[in-house]
Number of protein chains: 2
Amino acid sequence: MARKRDDDSKTNCAVEASLGVIGGRWKGVVLYWLLKGTHRFGELRKRLPNCSQRMLTLQLRELEEDGLVKRTVYAEVPPRVEYELTAFGRSLEPVLMGLREWGEKYKRRLQRAA
Amino acid sequence: MARKRDDDSKTNCAVEASLGVIGGRWKGVVLYWLLKGTHRFGELRKRLPNCSQRMLTLQLRELEEDGLVKRTVYAEVPPRVEYELTAFGRSLEPVLMGLREWGEKYKRRLQRAA
DNA sequence: CTGGATCCTAGTTGATACTG
DNA sequence: CAGTATCAACTAGGATCCAG
């Protein structure tokens, strides 16, 4: 989804604001894994095999901008970069869990239909 | 956001599945209003002034396909079409409320930052 | 009134190659 | 390892016109 902050900020529906933040193609999953603990960039790549490196970088940068994720660069060789949730990011936990539960329901429904 | 059902169904993360369904640019808001009751097409248009007629139609069709929304056409002149949530659609209520609450928090945060 | 069909553009994404 | 740069391709979305 495109980020259209102007539109989002103009709207009076907070649901839209939330989806603007976590609605990106891969953000939900990234947040979901980070909820389980700190991850290095390469670890996240393994978690999201269908997400290109470029996209993962972009999505992480946006999450960082929104204050949900903290990025820590270690001055080592080879380089190491770790991502973790901020306190604000962790405040999304109940929402993400709700999404996950409903997603399970949805998937079960799809199976019955098939 | 683009709909990539194949990817979504392949993933084992249910969060992604949920966002695939409600993550569309306008779906969250549409669902939010339908939660408050049945709406005619024109009423929804007024609720979403920034959403073009075409987009609203497309998003409603997808929600209908996903079994969240029921579309009722009345054989009248002028035509009348009403949209309402299905039982399955209403099962999203707690999730949407969670999104709304978090969105409020996020917006307050933005204000403090500014 | 509620859309469907078509055309068109801007923005998004993937593939690939390169770098500190 | 963890990115950035660049280019090509795709697609979402707007505008407009038509129809039951």
Side-chain angles (χ1 to χ4, degrees), chain A residues 1-8 10-11 16 19-30 33-34 38-66 69-84, chain B residues 1-8 10-11 16 19-30 33-34 38-66 69-84:
Chain A
M1 183 192 303
R3 289 177 73 87
K4 309 207 171 167
R5 275 173 204 284
D6 296 24
D7 291 356
D8 284 343
K10 258 181 277 178
T11 184
E16 229 181 320
L19 288 176
V21 175
I22 67 169
R25 180 77 184 80
W26 305 102
K27 290 185 188 174
V29 210
V30 171
W33 286 113
L34 290 183
T38 302
H39 281 71
R40 297 184 55 168
F41 184 76
E43 290 171 338
L44 283 174
R45 287 214 64 188
K46 283 173 206 155
R47 303 294 199 188
L48 291 85
N50 295 120
C51 177
S52 70
Q53 185 186 48
R54 194 178 97 98
M55 270 303 102
L56 182 55
T57 300
L58 290 175
Q59 302 272 288
L60 284 168
R61 288 294 180 283
E62 291 192 353
L63 291 171
E64 199 189 347
E65 274 180 50
D66 285 325
V69 164
K70 180 172 164 229
R71 178 173 179 261
T72 310
V73 183
Y74 295 87
E76 302 174 354
V77 176
R80 180 161 59 107
V81 180
E82 288 187 348
Y83 294 90
E84 63 186 315
Chain B
M1 182 192 306
R3 290 177 73 85
K4 311 207 169 168
R5 273 176 206 281
D6 296 25
D7 291 354
D8 283 345
K10 258 181 278 178
T11 185
E16 227 183 319
L19 288 175
V21 175
I22 68 171
R25 179 78 183 83
W26 304 102
K27 290 185 187 175
V29 210
V30 170
W33 286 113
L34 290 182
T38 301
H39 281 72
R40 296 186 54 171
F41 184 76
E43 288 171 338
L44 283 175
R45 288 214 62 189
K46 282 173 207 155
R47 302 294 198 186
L48 290 84
N50 295 118
C51 177
S52 70
Q53 183 188 52
R54 192 177 97 98
M55 272 303 102
L56 182 55
T57 301
L58 289 177
Q59 302 272 290
L60 284 168
R61 287 297 179 281
E62 292 192 351
L63 290 171
E64 199 188 348
E65 274 179 50
D66 285 324
V69 164
K70 180 171 164 227
R71 178 171 179 261
T72 310
V73 183
Y74 296 87
E76 304 173 356
V77 177
R80 178 162 60 106
V81 180
E82 287 187 348
Y83 294 90
E84 62 186 315

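Sequence lines set the chain letters: A, B, ... in the order given, protein chains first and strands last, and positions in each chain run from 1.
End-to-end axis angle for the helix from C/dC1-D/dG20 to C/dG20-D/dC1, using five pairs per end and rounding to 10°, comes out at 50°.
For B/Arg40, the side-chain atoms get nearest to C/dT2 when compared with the rest of C/dA15, D/dG3, C/dT2. Nearest to the side-chain atoms of A/Val81 among the listed nucleotides C/dA5, D/dA2, C/dG3 stands D/dA2. Taking the side chain of B/Phe41 as heavy atoms from C-beta on, and the options C/dG3, D/dT4, C/dT6, the nearest nucleotide is C/dG3. Comparing D/dG14, C/dG14, D/dG3 by their nearest atom to the side chain of A/Arg61 picks out D/dG3. The B/Arg54 side chain lies nearest to C/dA5 when the options are C/dT13, C/dA5, D/dG3.
Protein atom CE of B/Met55 is 14 Å distant from nucleotide atom C1' of C/dG11, rounded to whole Å. For the pair A/Leu48 CG and D/dG3 C1', the interatomic distance rounds to 16 Å; values are reported in whole Å. The separation between B/Glu62 atom CD and C/dG3 atom P is 15 Å, rounded to whole Å. With rounding to whole Å, B/Arg80 atom CZ is found 13 Å from C/dG3 atom P. Summarising the geometry, the separation between CD on A/Gln59 and P on D/dA2 is reported as 18 Å, rounded to the nearest angstrom. Computed from coordinates, the A/Leu58 CG to D/dT6 C1' distance equals 14 Å when rounded to whole Å. Atoms CD (A/Gln53) and P (C/dA15) sit 12 Å apart, rounded to a whole Å. In this structure, CG of A/Leu60 is placed 11 Å from P of D/dA2, rounded to the nearest angstrom.
Contact record, B/Arg25 with B/Gln59: N-OE1, 3.6 Å, taken as the closest heavy-atom pair. When all heavy atoms of A/Leu44 and A/Tyr83 are compared, the pair lying nearest together is CD1-CD1, 4.2 Å. Across B/Leu63 and B/Val21, no two heavy atoms sit closer than the pair CD2-O, 4.2 Å.
Taking a cutoff of 4.0 Å between a charged side-chain nitrogen and a carboxylate oxygen, A/Arg71 and A/Glu84 do not qualify as a salt bridge. Taking the charged nitrogens against the carboxylate oxygens, B/Arg45 and B/Glu43 have no contact shorter than 4.0 Å, which rules out a salt bridge. Ion pairing of A/Glu64 with A/Lys70 is absent here, as no side-chain N (NZ or NE/NH1/NH2) approaches a carboxylate O to less than 4.0 Å.
Separating the OG1 atom in B/Thr38 from the CD atom in B/Glu82 is a distance of 6.0 Å, to the nearest 0.5 Å. With values rounded to the nearest 0.5 angstrom, B/Leu58 atom CG is found 9.0 Å from B/Cys51 atom SG.
Taking only side-chain nitrogens and oxygens, A/Ser52 comes nearer than 4.0 Å to OP1 or OP2 of C/dG14.
A heavy atom closer than 4.0 Å to some atom of DNA chain C occurs in B/Arg71, B/Pro78, B/Pro79, these being the qualifying members of residues 70-79 of chain B.
For the side-chain hydrogen bond (donor to acceptor under 3.5 Å, both in side chains) test, residues two or more places apart in sequence or in another chain that qualify with B/Arg47 are B/His39.
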